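Just so you know, these numbers use all the heavy atoms, side chains as well, and skip hydrogens, waters and symmetry mates. Index from 1, following the sequence. Predicted model only: the values in this text are computed from it and were never measured.
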Amino acid sequence: MKKSFLLLTLTATFLLMAGTIAQAQRVSFLANVSSFNIDKVDAPNADINYQGSTTLTGNLRIYSKKKWAIRLGAGIDNLKYQVDNGLTTDYEARRTDIKGLIGLEKHFVIKNSLTLYPGVYVPIVVTGDDIIQSNYENIENGNMRAGFGVVLGTNIKIFKILRVGLEFDASYDDFKTSVWESVDNVSLVPIKGINHRTSFTLGVAF
């Protein structure tokens with residue numbers, strides 16, 4: 001239910017913004033693909049070894065005449081991890097989160113082919129269920145969290161509308177993840193700090 005609400009909210013926000021922006025402004029759509037690692041986390045009775053996270057998002061940008069851009073994005077985060085008791089692996093798990101974001105960027109065009117843009121954004125994440133690959137029960141989450149991030153990106157114009165580029169972002173995230181520390185005990189483990197990633201971008205601009 002929360003996942004559907006998030007998608008509907010993002011859609012409604014986009015339609016509202018699109019209706020208030022002049023027709024002369026340009027629009028672009030870029031897909032971001034990235035992968036990053038999360039540091040090992042020590043729980044009271046176990047060690048959580050994160051095996052990395054992969055993210056795929058679609059990002060719509062609506063530009064003003066002065067090259068300010070409102071950014072709306074939506075996508076998924078795929079997370080895999082294993083829980084150890086110090087000597088052996090107790091179990092492995094995976095989770096898929098739904099992610100939305102809204103941000104503001106300033107785009108600088110260099111020689112009509114290269115664009116550089118810094119910006120800020122607010123990610124909103126609906127945490128999915130942890131699918132446990134063992135005899136443990138799955139962990140139902142369904143909670144929602146928000147953070148704050150900064151971004152620096154660049155893309156190159158190829159042909160008339162095609163864009164390819166790279167994007168670096170760093171975001172502060174403060175949340176807790178549930179893990180089975182024993183057959184009878186589910187604990188919440190805090191994960192705090194700044195996560196950073198580099199994304200490959202591909203899309204079109206009109």
Side-chain angles (χ1 to χ4, degrees), residues 6-38 52-79 97-127 144-175 191-206:
L6 175 61
L7 292 175
L8 288 173
T9 301
L10 290 172
T11 302
T13 303
F14 162 67
L15 292 175
L16 178 62
M17 290 179 176
T20 58
I21 294 177
Q23 294 295 322
Q25 294 171 338
R26 297 179 60 216
V27 174
S28 70
F29 180 84
L30 275 75
N32 284 33
V33 180
S34 64
S35 178
F36 73 103
N37 294 320
I38 302 175
S53 173
T54 57
T55 302
L56 174 63
T57 60
N59 299 277
L60 176 69
R61 291 177 174 86
I62 305 173
Y63 301 87
S64 72
K65 293 181 179 179
K66 294 184 178 181
K67 295 301 181 181
W68 287 95
I70 295 173
R71 175 175 177 174
L72 298 173
I76 57 173
D77 284 337
N78 291 305
L79 176 68
D97 299 339
I98 292 181
K99 178 180 181 180
L101 66 87
I102 183 169
L104 180 66
E105 301 169 346
K106 175 62 175 178
H107 287 242
F108 301 92
V109 180
I110 303 172
K111 294 184 178 179
N112 295 322
S113 60
L114 178 66
T115 300
L116 180 69
Y117 56 92
V120 296
Y121 68 94
V122 174
I124 302 171
V125 180
V126 177
T127 307
M144 185 180 296
R145 67 182 190 270
F148 178 79
V150 295
V151 62
L152 178 64
T154 182
N155 60 63
I156 299 174
K157 178 181 178 181
I158 300 178
F159 303 116
K160 186 174 182 179
I161 65 172
L162 185 63
R163 302 290 186 274
V164 295
L166 293 174
E167 187 174 283
F168 174 82
D169 73 84
S171 62
Y172 178 80
D173 211 348
D174 183 354
F175 68 97
I191 302 175
K192 300 180 180 180
I194 297 177
N195 293 319
H196 56 84
R197 75 187 80 195
T198 301
S199 305
F200 173 74
T201 66
L202 175 66
V204 293
F206 302 96

All pairs passing side chain to side chain donor-acceptor pair (under 3.5 Å) where residues 148-159 contributes a residue, at least two apart
none
One should read off an interatomic distance between Ile62 CD1 and Phe29 CZ, to the nearest 0.5 angstrom, of 12.5 Å
CA sep, side-chain torsions, deciding dist, call: His107, Tyr63, side-chain contact (heavy atoms from CB on, under 4.5 Å)
CA-CA 9 Å; His107 287 242; Tyr63 301 87; 3.7 Å; yes
Just how far is it from atom CG of Asn32 to atom OG1 of Thr57, taken to the nearest 0.5 Å?
4.0 Å
Going through the checks in order, is the side-chain contact (heavy atoms from CB on, under 4.5 Å) test met by Lys67 and Phe108?
CA-CA 7 Å; Lys67 295 301 181 181; Phe108 301 92; over 6 Å; no
Give a yes or no answer on whether the side chain of Lys106 reaches the backbone of Lys66 with a donor-acceptor pair at less than 3.5 Å.
yes
Working to the nearest 0.5 Å, report the span between CD1 of Ile124 and CZ of Arg145.
11.5 Å
May I ask you to check whether Thr55 and Arg197 show a side-chain donor-acceptor distance below 3.5 Å?
yes
Mind checking the CD1-CD1 spacing from Ile98 to Ile76? Nearest 0.5 Å is all I need.
8.5 Å
Go through the steps for Glu167 and Leu30 under the test side-chain contact (heavy atoms from CB on, under 4.5 Å), then give the verdict.
CA-CA 11 Å; Glu167 187 174 283; Leu30 275 75; over 6 Å; no
Could Arg61 and Tyr117 be counted as a cation-pi pair, given that NZ or CZ must be under 6.0 Å from the ring centre and within 45° of the axis?
yes
Let me confirm one number: the CG-CZ distance from Leu202 to Phe200, rounded to the nearest 0.5 Å.
5.5 Å
Between OG of Ser34 and CG of Asp77, what distance do you get to the nearest 0.5 Å?
7.5 Å
Contact summary for Arg163 and Lys160, nearest pair of heavy atoms:
NH1-O, 3.3 Å
Do you know the tightest heavy-atom contact between Asp97 and Val125?
CB-CG1, 3.7 Å
